[in-house]
Amino acid sequence: MQEIVKVKESHALIFIFPIWWYSLPAIMKGYIDRIFNFGIAYGGNAGPVVDKIRWIGLSGHPKHKYDKRGYNKMMEHHLNVGISNYIDVQDTHVHLLYNTLGEFEDDDILPEDHQKALLEEAENIGASL
């Protein structure tokens, strides 16, 4: 119950997670299942538990592998519509940070520059709240 109080006292939630099989890890899904319950996050007189949710997925794969089969669009729909909108949170965005392992096919990209860009992107997401 303490966790539900913490969530309801928050203005925004940021979920940062490794992408496993193009979805959330089981432990994060379990957290959502336990906190976003009927009567608390949806149903009855429940309103939105928070104003904003940001989903930050960390992928070891490059973006083109997600684009090829639409995995990024599928994840965006699942997290924004299937979870956030279902609990009446409309200000929700999915940010996928690609190639977090820093394995490059192109020698023109320096791993240090890529890591710096990922950190800057994450910082900008937090600053936008």
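Computation of the quantities below employed the complete heavy-atom set of this structure, encompassing side-chain atoms and omitting hydrogens, waters and symmetry-equivalent molecules.
For the residue pair L97 and A122, the shortest heavy atom distance occurs at CD1-CB, 4.4 Å. Nearest heavy atoms, V94 versus M75: CG2-O, 4.4 Å. Taking both residues in full, the closest heavy atoms of L96 and E121 are given as O-OE2, 4.4 Å, listed atom of the first, atom of the second, then distance. In this structure, V50 and V7 approach most closely via the heavy-atom pair CG1-O, 3.4 Å. Across all their heavy atoms, L101 and G60 have their closest contact at CG-CA, 3.8 Å. Minimum interatomic distance between S59 and Y66 (heavy atoms only, all atoms of both residues): OG-OH, 2.8 Å.
Proximity of a side-chain donor or acceptor of S10 to a complementary backbone N or O of K6 within less than 3.5 Å is detected. In this structure a side-chain-to-backbone donor-acceptor pair under 3.5 Å is missing from T100 to L58.
Under the 4.5 Å side-chain contact rule for hydrophobic residues, I4 and I32 share a cluster. Following chains of ILVMFWY side-chain contacts shorter than 4.5 Å, one cannot reach W20 starting from L24, and the two form parts of different hydrophobic clusters. If you chain together hydrophobic residues whose side chains sit under 4.5 Å apart, I56 and F17 never meet in one group.
Taking a 6.0 Å sphere around CD of E3, one finds it holds more than 12 heavy atoms contributed by other residues, nucleotides or ligands. For Y86, the OH atom is loosely surrounded, since the number of other residues' heavy atoms within 6.0 Å does not exceed 12.
Put simply, CD1 on I125 and CD on E120 are 12.0 Å apart, with the number rounded to the nearest 0.5 Å. Atom NE2 in H95 sits 10.0 Å away from atom CG in N124 (nearest 0.5 Å). N99 CG to K65 NZ: the interatomic distance, rounded to the nearest 0.5 Å, is 9.5 Å. Atom CE of M28 is separated from atom CD1 of I16 by 8.5 Å, given to the nearest 0.5 angstrom. Rounding to the nearest 0.5 angstrom, the gap separating the CG atom in N72 from the CE atom in M74 is 9.0 Å.
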Practice prompt. Run the numbers on N80 and N85 for side-chain hydrogen bond (donor to acceptor under 3.5 Å, both in side chains), then give the verdict.
Written response: CA-CA 6 Å; N80 286 332; N85 292 166; over 6 Å; no

Item to complete: Decide yes or no on side-chain contact (heavy atoms from CB on, under 4.5 Å) for K8 and I40, but give the supporting numbers first.
Response: CA-CA 9 Å; K8 285 189 165 199; I40 295 168; 3.8 Å; yes

Item to complete: Could you please spell out the steps behind the side-chain contact (heavy atoms from CB on, under 4.5 Å) verdict for L13 and K52?
Response: CA-CA 6 Å; L13 296 176; K52 301 176 183 185; over 6 Å; no

Discussion item. Test side-chain contact (heavy atoms from CB on, under 4.5 Å) on D91 and H93; report intermediate values, then the result.
Written reply: CA-CA 7 Å; D91 189 348; H93 297 283; 3.6 Å; yes

Item to complete: In sequence, state the C-alpha distance, the side-chain angles, and the governing distance for I83 and T92, and then conclude on side-chain contact (heavy atoms from CB on, under 4.5 Å).
Response: CA-CA 10 Å; I83 297 177; T92 175; over 6 Å; no

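Ring geometry for Y42 versus F38: interplanar angle over 60°, hence perpendicular rather than tilted (30 to 60°). Between W55 and F15, the ring planes are parallel. Angles under 30° get that label, and only those over 60° would be called perpendicular. Ring geometry for Y22 versus H61: interplanar angle under 30°, hence parallel rather than tilted (30 to 60°).
Taking the side chain as every heavy atom from C-beta outward, I53 and I87 approach each other to under 4.5 Å. Counting heavy atoms from C-beta outward, H64 and K68 have side chains that stay 4.5 Å or more apart.
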